[in-house]
Amino acid sequence: MPLINKDTQIAYPLAAPCVPLIYDLRYPPNSFCLPPSSPYEGRGSEFLRVPLTPARHNQIRLISQDFPWAFDIGPEPGAAEQVVTCLDVLTALHAALQRPLSDTEWGAAAGDKHASLIRARDRRLNMKPALHGSSSTRACTTARPRVRFASDVDTQPACREPSILRVDWLGSRVMFGGLVKDETFARRRLIPGAREPPETWVVRFQSLS
């Protein structure tokens with residue numbers, strides 16, 4: 001199939017709404033799996049090592065209607081080509097969501113959000129260890145691309161971390177659902193007076209089935 005989705009101008013592996021992989025953000029990226037219907041089934045992780053867009057950006061911003069943060073990411077330090085790949089996106093998004101929720105973030109959440117965060121944390125603590133997809137996906141890298149303010153975040157599974165993590169903010173919507181362009185939301189999301197942001201993509205999530 002073509003590498004770039006002509007409607008979204010993004011690489012097919014991460015283009016919403018038909019993402020051809022299954023990935024739970026509570027686990028590291030090497031846990032993703034490919035359903036039998038995926039056109040990439042049996043190809044391993046190499047299909048993610050492609051530029052995210054034809055423009056070959058060396059920095060992008062990820063925002064979402066499901067979380068309040070903005071993550072600026074770049075390629076893995078020392079990469080032969082300084083361009084953001086699909087694998088960089090999944091690795092950076094996972095790393096950024098493993099940060100413990102700060103006291104300020106907890107305080108800013110409404111009371112019903114507190115209950116949701118605790119339920120999500122408790123579900124995560126009861127999770128089984130990740131089954132690392134098929135044998136064709138186990139070679140997926142755990143090296144981290146650049147993530148602003150997340151350089152000290154490990155990409156090991158967060159399952160047993162008793163603190164409330166940012167990934168718990170997602171509640172049950174922890175399945176990666178792809179990237180979309182939403183200029184209206186991106187403009188509304190940008191704080192007044194901020195400088196022009198990098199190329200911005202909106203992350204979608206899906207509920208656990």
Side-chain angles (χ1 to χ4, degrees), residues 1-6 8-16 19-34 38 40 43-64 66-67 69-99 130 132-133 136-158 165-167 176-183 186 189-190 194-205:
M1 68 185 300
L3 176 64
I4 299 295
N5 184 311
K6 64 181 179 63
T8 62
Q9 283 300 294
I10 192 173
Y12 264 105
L14 301 191
V19 178
L21 57 83
I22 300 171
Y23 178 41
D24 183 334
L25 267 298
R26 295 172 297 181
Y27 292 112
N30 59 353
S31 66
F32 80 86
C33 63
L34 301 169
S38 172
Y40 303 101
R43 290 183 56 182
S45 63
E46 72 274 5
F47 82 101
L48 293 174
R49 301 176 189 274
V50 295
L52 180 66
T53 67
R56 308 175 74 86
H57 297 285
N58 62 10
Q59 187 179 42
I60 66 166
R61 173 168 292 184
L62 298 179
I63 59 175
S64 179
D66 289 298
F67 60 61
W69 306 286
F71 303 134
D72 291 350
I73 70 172
E76 175 190 344
E81 188 174 7
Q82 290 296 295
V83 57
V84 176
T85 68
C86 294
L87 187 57
D88 289 334
V89 170
L90 295 185
T91 304
L93 183 59
H94 170 265
L97 290 174
Q98 304 320 299
R99 288 180 65 88
H132 288 229
S136 64
T137 64
R138 289 178 185 172
C140 189
T141 185
T142 56
R144 285 171 292 169
R146 294 197 313 272
V147 189
R148 183 178 295 176
F149 64 73
S151 60
D152 59 338
V153 177
D154 200 348
T155 57
Q156 294 304 306
L165 305 181
R166 284 178 167 178
V167 71
F176 181 74
L179 304 181
V180 296
K181 269 290 186 184
D182 187 338
E183 298 292 354
R189 174 66 181 75
L190 190 65
R195 64 182 182 181
E196 189 68 19
E199 175 80 5
T200 302
W201 291 89
V202 180
V203 188
R204 286 185 176 174
F205 297 94

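Quick caveat: nothing in here was measured; it's all calculated off a predicted structure.
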Minimal non-hydrogen separation, Phe71 against Arg166, with atom names:
CE2-NH1, 3.8 Å

For Phe32, the option from Ile22, Leu48, Asp24 that meets side-chain contact (heavy atoms from CB on, under 4.5 Å)
Leu48

Strictly distance-based, threshold 3.5 Å: is any side-chain N or O of Thr200 a donor or acceptor partner for the main-chain N or O of Pro198?
yes

CG on Leu14 to OG1 on Thr53, rounded to 0.5 Å
11.0 Å

Smallest separation among heavy atoms of Asn58 and Pro75, with atom names
O-CD, 3.2 Å

Sub-4.5 Å side-chain heavy-atom contact between Ile60 and Ile73:
yes

With side chains defined as the heavy atoms from C-beta onward, is the minimum distance between Val167 and Phe67 less than 4.5 Å?
no

Between Arg61 and Trp201, is NZ or CZ placed under 6.0 angstrom from the six-membered ring centre and within 45° of the ring axis?
no

Is there a side-chain contact between Leu25 and Tyr23 in this structure, where contact means two heavy atoms from C-beta onward sitting under 4.5 Å apart?
yes

Glu81: what forms a side chain to side chain contact (heavy atoms under 4.5 Å, CB included) with it, not counting sequence neighbours?
Arg56, Val83

Could you work out, with side chain to side chain donor-acceptor pair (under 3.5 Å) as the rule, every residue matching Thr85, not counting sequence neighbours?
Asp88

Once salt bridge (Lys or Arg N to Asp or Glu O under 4.0 Å) is applied, do any residues pair with Glu183, and if so which ones, sequence neighbours excluded?
Lys181

Output for pair (Arg189 CZ, Trp69 CH2), nearest 0.5 Å, gives 10.5 Å

Given side chains that start at C-beta, do those of Val203 and Leu179 come closer than 4.5 Å, heavy atoms only?
yes

Nearest heavy-atom contact between Pro51 and Cys86 is O-SG, 4.5 Å

Under the 3.5 angstrom rule, does the side chain of Ser64 hit a backbone N or O of Arg204 as a donor-acceptor pair?
no

Here the pair of heavy atoms bringing Gln59 nearest to Asp72 is NE2-CB, 3.9 Å

Please examine the side chains of Pro197 and Leu190, heavy atoms only from C-beta on, and report whether any two atoms are closer than 4.5 Å.
yes

